[in-house]
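Below you'll find the structure, written out as structure tokens, and then a few comments.
Residue numbers begin at 1 in each chain, while the letters A, B, ... track the order of the sequences.
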Amino acid sequence: MKGSGLNNFRFKAGVVISALMVLLSVIGMIGTPYDPNAMDASAKFAGVSAAHLMGCDNFGRDIFSRILSGCGTTLVVAFFTVLIGVLGGTLIGAVTGYYGGTVDELLMRLNDTVLAFPSILLALVMISLFGSGKIKLIAALGIVFMPSFARIVRAEFIKCRNMDYVSSAKLMGVPDHRIMFVHILPNATRVMLSSVAIGFNNAVLAEAGMSFLGIGVQPPDASLGRMLSEAQAFLFVKPSYALFTGLMIVLMILGFSLMNEGLERADA
Amino acid sequence: MLDVVDLNIEFHDHLLPETVVFDFDLHMDEGEIVGLVGESGSGKTMSALSIAGLLSRKHMKKRGKIEFMGTDILNCPRKELRRLQGNDISMVFQEPMTSLDPLKTIGYQVEESLMIHTELTAPERMEKVLSALRDVELSEPEKLIRCYPHELSGGMRQRVMIAAALICEPKLLICDEPTTALDVTIQAQIIELLKKVNREHHTAILFISHDLSLVRQLCERVLVMYQGNIVESGPCEEVFFRPKHSYTKQLIAAIPRFEKLK
Amino acid sequence: MEYVLKKTVSMIETVLAVSFLVFLAFAVIPGDPAVAKLGTSATAEKVAALREQMGLNKPLLVRYFSWIKSFFFGDMGTSYSYGVSVRSMLAGKLPITLTLTFFSFVLIILFSIPLGIYTAKHEDSRASGAADVTNQIVMAVPAFFIGILITYAFGLVLHLFTPGGYVGYRESLSGFLYYMLFPALAIALPKAAMNTKLLKSSVLKEAKNDYVRTAYSRGNSTNEVLYRHVLKNALMPVITFLGMTLSDIVAGSLIIEQVFSIPGIGRMLITSIANRDYPVVQAIIAAVAVIVIVVNFLVDLLYRLIDPRTGGSLS
């Protein structure tokens with residue numbers, strides 16, 4: 001496999017699936033065939049047709065439009081969750097890993113504790129404190145995701161902080177923040193890439209799970225998780241509703257996990 | 001006892017098949033010590049592994065004949081081969097650090113061949129294990145059998161490997177660079193140990209090394225391999241003092257001077 | 001023994017730290033618990049009296065220690081919404097969630113260990129390739145979606161169980177255990193897929209080690225090499241993974257209870273969050289945290305018992 005790099009099937013399949021999901025999400029954000037929340041009593045439980053690609057739900061809302069819009073919501077939540085997690089985690093990991101000492105000791109203790117905890121449960125605590133909704137959900141999940149990134153960055157910084165190139169940079173009077181973010185941080189990119197992919201999937205799962213429980217994204221924002229919980233009530237009448245919705249979540253996760261898998265194989 | 005005739009080993013895991021051993025011939029009698037010398041990549045380990053029946057059959061083609069005490073190693077059923085392995089043919093490997101299972105006790109690993117090849121009861125096996133450990137000059141064998149490999153030094157581990165290899169009193173012991181990973185003083189002790197084993201149990205030893213001076217201390221006969229071919233063979237002293245092949249001359253020239261004067 | 005002691009101390013520290021964080025989180029939220037209890041129409045005197053009675057006027061740390069002390073002795077406070085003790089509310093629900101967690105854990109092991117060994121042994125076979133693809137996909141399916149699929153397939157189509165027809169363990173133990181099998185399956189499948197993949201790659205990695213060649217040289221057959229040597233070594237990362245998975249299983253069961261209408265801790269948590277019934281939320285979070293920390297501690301000890309390199313015999 002040497003030299004072939006990312007030219008493997010898994011990575012390509014992952015890219016194709018992810019690109020498709022991003023495309024659908026972007027369409028969902030720009031404009032959907034129908035208003036995802038518009039009800040049409042005459043189209044109640046309408047079957048699959050040219051007008052309604054995936055049929056309609058119990059209120060006569062177009063399922064395809066709702067799914068597009070739900071994908072958009074999920075993607076936005078997952079994206080910003082990972083962004084907050086990576087930025088916060090990198091900062092914490094870099095500072096603690098580079099300087100060490102008591103602060104490092106304390107923060108990492110805290111970190112380990114938080115990591116031992118189910119992330120959904122932590123997010124639940126925050127939601128119960130701050131209330132639900134898209135922005136609050138992003139904030140809660142973002143904070144919950146910081147420790148896992150912090151740990152990875154910290155490990156890389158500990159590995160690098162005593163290396164010769166860091167010592168010589170110090171001797172030359174390069175300021176600490178420059179050593180940290182210009183010299184050491186790039187070494188962590190590859191490991192970060194994997195954890196970003198995993199983190200993205202966990203974020204999708206967490207958003208869908210919490211919205212499924214009714215404490216994540218709130219109406220009028222469409223959400224795949226909440227749609228799935230609505231669909232469950234009509235599972236007997238219209239199983240395709242749950243199937244289409246669930247499939248979107250699966251594809252979103254599958255795309256990233258395949259890409260990550262492909263990356264790992266390219267490394268090996 | 002052992003007859004290897006025209007052994008050729010080919011790899012098929014790349015686009016073009018690659019031959020790593022050409023027309024390898026070797027005859028060994030019982031109780032004989034033969035040295036196999038060559039640089040890394042010369043094919044000596046490959047030849048040794050195929051004699052021990054350990055060269056995996058995937059991606060690899062072997063031609064020629066290896067006959068050990070009437071058994072055709074290359075073509076016999078796996079079951080028949082397994083009956084020889086650890087019983088009549090044993091092997092000691094280069095890396096004592098990684099060649100032992102990290103999660104099994106020393107006692108188990110020395111005992112394993114007995115469990116596979118004999119009908120002895122547990123106490124009888126234990127007796128043999130203890131005496132085998134004493135034979136390789138390890139102290140406190142009763143304590144040792146409960147230890148794990150990571151608790152032992154490299155030299156001790158290699159002694160354990162030798163004890164495990166000898167437990168069924170094999171006819172042939174193949175040592176693949178058994179001292180390369182060890183300190184020089186430990187090297188000499190292992191060589192003395194192998195001499196003693198050969199003397200006391202009449203075990204034939206195929207000793208593989210890149211170090212000609214070590215081979216000279218131990219072996220009667222030596223084969224020199226270079227790029228998959230045997231380029232020279234004969235009694236140790238003759239090869240050492242009257243090398244014919246230029247590669248052998250280089251090997252001898254590479255030995256530090258004071259050893260040559262010995 | 002010294003190691004166990006050290007680890008125990010650090011575990012107690014962690015439990016204290018987590019419980020303090022949980023306590024702190026619920027102490028700093030806006031809103032007065034006394035007002036919440038009495039309702040907004042209560043007079044200021046009444047609120048003040050209740051605050052005094054609830055000990056809300058004492059410093060934070062004092063309140064924390066009195067909370068943790070009573071928690072330790074089984075008094076978890078009183079529910080705002082129902083006015084009954086949290087302990088009595090939890091008592092009936094905890095066995096349900098623990099059963100679900102335990103079932104899931106057992107199913108994960110039952111699926112993944114044989115499948116992991118099989119796929120590693122027949123690495124190049126078609127069946128193994130198919131199992132890999134299936135694994136990759138199952139890993140990407142959230143447990144609650146699998147739950148819905150199971151409800152549809154096993155419940156509505158095959159009529160193996162009645163969706164939503166939860167049977168209490170006091171009514172019929174066998175009915176309860178049978179019903180729990182389906183949600184447990186939903187939680188277990190994605191995790192089992194991950195674990196299968198991990199075990200497969202771990203076995204294949206171990207099989208490249210030198211000690212494997214040594215084992216063959218003693219006359220072991222492929223199966224003997226696998227079961228006597230490779231498997232134990234290959235299981236080490238799996239143990240770590242299973243330990244980490246446990247908290248995911250607990251979290252997964254919270255959601256799955258919703259899918260299968262199981263009146264366990266998870267449903268109680270969701271209801272309490274919706275009702276802002278903080279004593280209940282606080283108690284559940286703290287209880288789950290303690291369970292997760294203790295189990296991680298036990299996994300750590302188990303790991304050390306099995307792997308002699310990490311110190312052996314717990315010393």
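- Remark: B/K104 qualifies as a cation-pi partner of B/Y108 under the 6.0 Å distance and 45° angle criteria applied to the six-membered ring.
- Proximity to chain C (any heavy atom under 4.5 Å) is shown, for B/N87, by neither the backbone nor the side chain.
- For chain C, no part of B/E151 is nearby; none of its heavy atoms comes within less than 4.5 Å.
- For B/S50 (side chain) and B/G53 (main-chain N/O), no donor-acceptor pair under 3.5 Å exists by modelled atom type.
- Neither the backbone nor the side chain of B/A165 comes within contact range of chain C, judged by heavy atoms closer than 4.5 Å.
- Counting only heavy atoms from C-beta outward, the side chains of C/L185 and C/L181 never approach each other to under 4.5 Å.
- Among the candidates B/K79, B/Q85, B/R83, the residue making the largest number of heavy-atom pairs closer than 4.5 Å to chain C is B/Q85.
- The parts of B/L103 that come within reach of chain C are both its backbone and its side chain, each placing non-hydrogen atoms under 4.5 angstrom from that chain.
- The contact between B/L49 and chain C is made entirely by side chain atoms (from C-beta outward), counting heavy-atom distances below 4.5 Å.
- Contact annotation: the side chain of B/L100 never approaches that of B/Y148 to less than 4.5 Å [non-hydrogen atoms, C-beta and beyond].
- Between chain C and the residues B/E95, B/Q109, B/H117, the most heavy-atom pairs under 4.5 angstrom are made by B/Q109.
- Considering only heavy-atom pairs separated by less than 4.5 Å from chain C, the leading option among B/S90, B/S99, B/P149, B/P170 is B/S99.
- If you measure heavy-atom distances from B/I116 to chain C, the contacts under 4.5 Å come from the side chain alone.
- Remark: the backbone N or O of B/S113 is not paired with any side-chain donor or acceptor of C/R218 at under 3.5 angstrom.
- Looking at heavy atoms from C-beta onward, B/T105 lies out of side-chain contact with B/C147 at the 4.5 angstrom threshold.
- Proximity of B/K62 to B/E10: side-chain heavy atoms (C-beta onward) are nowhere separated by under 4.5 Å.
- The contact between B/M161 and chain C is made entirely by side chain atoms (from C-beta outward), counting heavy-atom distances below 4.5 Å.
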